[in-house]
Amino acid sequence: MNHPIEQFQHWWQQAKADPTLKQRSAVCISTLDAQGFPVARFVDLKAADQDGFTFCTHLNSQKGADLRRNPKVAMTVWWDSLGYQVRATGLAAEISRTDANRYWQSRNRDAQLTTLACQQSQPLVSMQSIEDALKTLGIQYQEQAIPLPDNWGGFIIHPLSIEFLTFAQSRLHLREFYQYEQGVWHKTLLQP
């Protein structure tokens, strides 16, 4: 495969077909906080195409604020049962409201209501306040579609480097490193 995203898509399809994996689309996203420290968390990968890797979030969450301040980001995936690791670095950009709405509509109703009831990364007053808000919202939107909130959207990571590691018990891992320079992907094999 000549393009690293094709390799990623191939591995991701294997992961999606693996019944032993519970979180087939979980990826670790690392941003830089206001003090320059790395902050990592898992998110649900929505898409991987020639433009990059897409995930959704509260735009006012810490990761949203981090990426709006500094678009440098890293993504790590570990599909344990397959023995595959992927590491990517790049620059994040907000997705369009049209794309955000498409992903919003793909979410189940409970996830949509929870998103409306919560302000991700903000201090929790009480679980009861969230449960009350969920109940109120459930009644409010009982028989209608839940609209895309202004503070929910997503980011696409435009990769600048992608590394694929195929795990080996002997520790002689196969590491394929791709670097994007002047519009072209360059591949290098790295020592384990």
Side-chain angles (χ1 to χ4, degrees), residues 3-18 21-34 36-82 84-122 146-165 178-180 185:
H3 197 290
I5 297 292
E6 292 175 10
Q7 173 77 20
F8 183 89
Q9 290 169 330
H10 178 70
W11 281 13
W12 195 16
Q13 290 307 313
Q14 289 180 47
K16 288 178 180 180
D18 186 339
L21 286 172
K22 293 182 181 177
Q23 301 298 327
R24 297 170 180 94
S25 297
V27 299
C28 181
I29 300 296
S30 299
T31 58
L32 297 171
D33 71 12
F37 287 99
V39 181
R41 79 287 282 157
F42 283 91
V43 299
D44 184 43
L45 185 67
K46 298 296 186 189
D49 59 29
Q50 299 299 322
D51 292 326
F53 306 100
T54 302
F55 65 93
C56 293
T57 187
H58 277 265
L59 297 174
N60 298 332
S61 67
Q62 180 177 350
K63 74 180 108 26
D66 287 350
L67 291 172
R68 284 176 164 172
R69 183 179 49 260
N70 184 345
K72 292 179 180 176
V73 63
M75 181 184 86
T76 307
V77 186
W78 172 236
W79 290 306
D80 180 32
S81 63
L82 299 173
Y84 293 158
Q85 174 185 275
V86 182
R87 295 186 316 142
T89 61
L91 300 174
E94 277 188 55
I95 62 175
S96 70
R97 293 309 285 166
T98 300
D99 286 344
N101 191 55
R102 182 169 42 91
Y103 292 122
W104 176 257
Q105 297 305 324
S106 73
R107 301 183 91 198
N108 69 49
R109 191 169 183 81
D110 287 340
Q112 290 176 338
L113 288 172
T114 299
T115 299
L116 288 181
C118 298
Q119 295 301 312
Q120 192 176 55
S121 302
Q122 299 305 309
I146 301 171
L148 172 67
D150 291 338
N151 67 346
W152 195 88
F155 291 89
I156 183 167
I157 301 169
H158 300 292
L160 298 173
S161 69
I162 304 175
E163 180 188 284
F164 298 92
L165 181 141
Y178 291 82
Q179 184 78 36
Y180 191 71
W185 285 101

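For the numbers below, each heavy atom of this structure counts, side chains included, while hydrogens, waters and symmetry mates do not. Starting from 1, each residue takes its place in the sequence as its number.
Remark: R87 CZ is loosely packed, at most 12 non-hydrogen atoms of other residues, nucleotides or ligands lying under 6.0 Å away. Counting non-hydrogen atoms of other residues, nucleotides and ligands closer than 6.0 Å to NZ of K16 gives a total above 12.
For L45 against T54, the heavy-atom pair with the smallest separation is CD1-O, 3.3 Å. Closest approach of F53 and I5 over heavy atoms only: CZ-CD1, 3.5 Å. Taking each heavy atom of A48 and W12 in turn, the nearest pair found is N-CZ3, 3.8 Å. Considering all non-hydrogen atoms of both residues, Q105 and I146 come closest at NE2-O, 4.2 Å. Across all their heavy atoms, A88 and I162 have their closest contact at CB-CG1, 4.1 Å. For the residue pair K72 and L67, the shortest heavy atom distance occurs at O-CD2, 4.3 Å.
Annotation: the span from L59 atom CG to T57 atom OG1 amounts to 7.0 Å, rounded to 0.5 Å. Put simply, OG1 on T31 and CZ on R68 are 13.5 Å apart, with the number rounded to the nearest 0.5 Å. For the atom pair CD1 (I29) and CZ (F55), the distance works out to 4.5 Å, reported to the nearest 0.5 Å.
Listed by chain and residue number, N108 satisfy the side chain to side chain contact (heavy atoms under 4.5 Å, CB included) test with D110 (two or more places apart in sequence, or in another chain). Qualifying ring pair (Phe, Tyr, Trp, His ring centres under 6.0 Å) partners for Y180, counting only residues two or more places apart in sequence or in other chains: W185. R97 pairs by the salt bridge (Lys or Arg N to Asp or Glu O under 4.0 Å) definition with nothing, not counting sequence neighbours. Partners of Q112 under the side chain to side chain donor-acceptor pair (under 3.5 Å) rule, at least two apart in sequence or in another chain, do not exist in this structure. Listed by chain and number, the residues in a side chain to side chain contact (heavy atoms under 4.5 Å, CB included) with C118 are T114, I130 (sequence neighbours excluded). Scored by the side chain to side chain donor-acceptor pair (under 3.5 Å) test, N70 finds no partners at all (sequence neighbours excluded). Q23 meets the side chain to side chain donor-acceptor pair (under 3.5 Å) test with no other residue; sequence neighbours excluded. Take R107 and apply the salt bridge (Lys or Arg N to Asp or Glu O under 4.0 Å) test, not counting sequence neighbours, and it matches no residue. Not counting sequence neighbours, the partners of F164 by the ring pair (Phe, Tyr, Trp, His ring centres under 6.0 Å) test are W11, Y178. Not counting sequence neighbours, the partners of Y84 by the side chain to side chain donor-acceptor pair (under 3.5 Å) test are Q14.
For the salt bridge (charged side-chain N to carboxylate O under 4.0 Å, His left out) condition, the pairs that include at least one residue of residues 52-67, sequence neighbours left out, are R41-D66, D66-R69.
For the pair K46/I95, no side-chain contact is recorded, criterion being any heavy-atom separation below 4.5 Å from C-beta on. Looking at T76 and W78, their side chains never come closer than 4.5 Å, going by heavy atoms from C-beta outward.
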Review item, side-chain donor-acceptor pairs of residues 148-160, under 3.5 Å, at least two apart:
residue	atom	partner	partner atom	Å
N151	ND2	Q119	OE1	3.2
H158	ND1	D51	O	2.9

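Checked by atom type and distance alone, the side chain of R24 never pairs as donor or acceptor with a backbone atom of A17 at under 3.5 Å.
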Stepwise, does the side chain to side chain contact (heavy atoms under 4.5 Å, CB included) test hold for V86 with Q7? CA-CA 10 Å; V86 182; Q7 173 77 20; over 6 Å; no
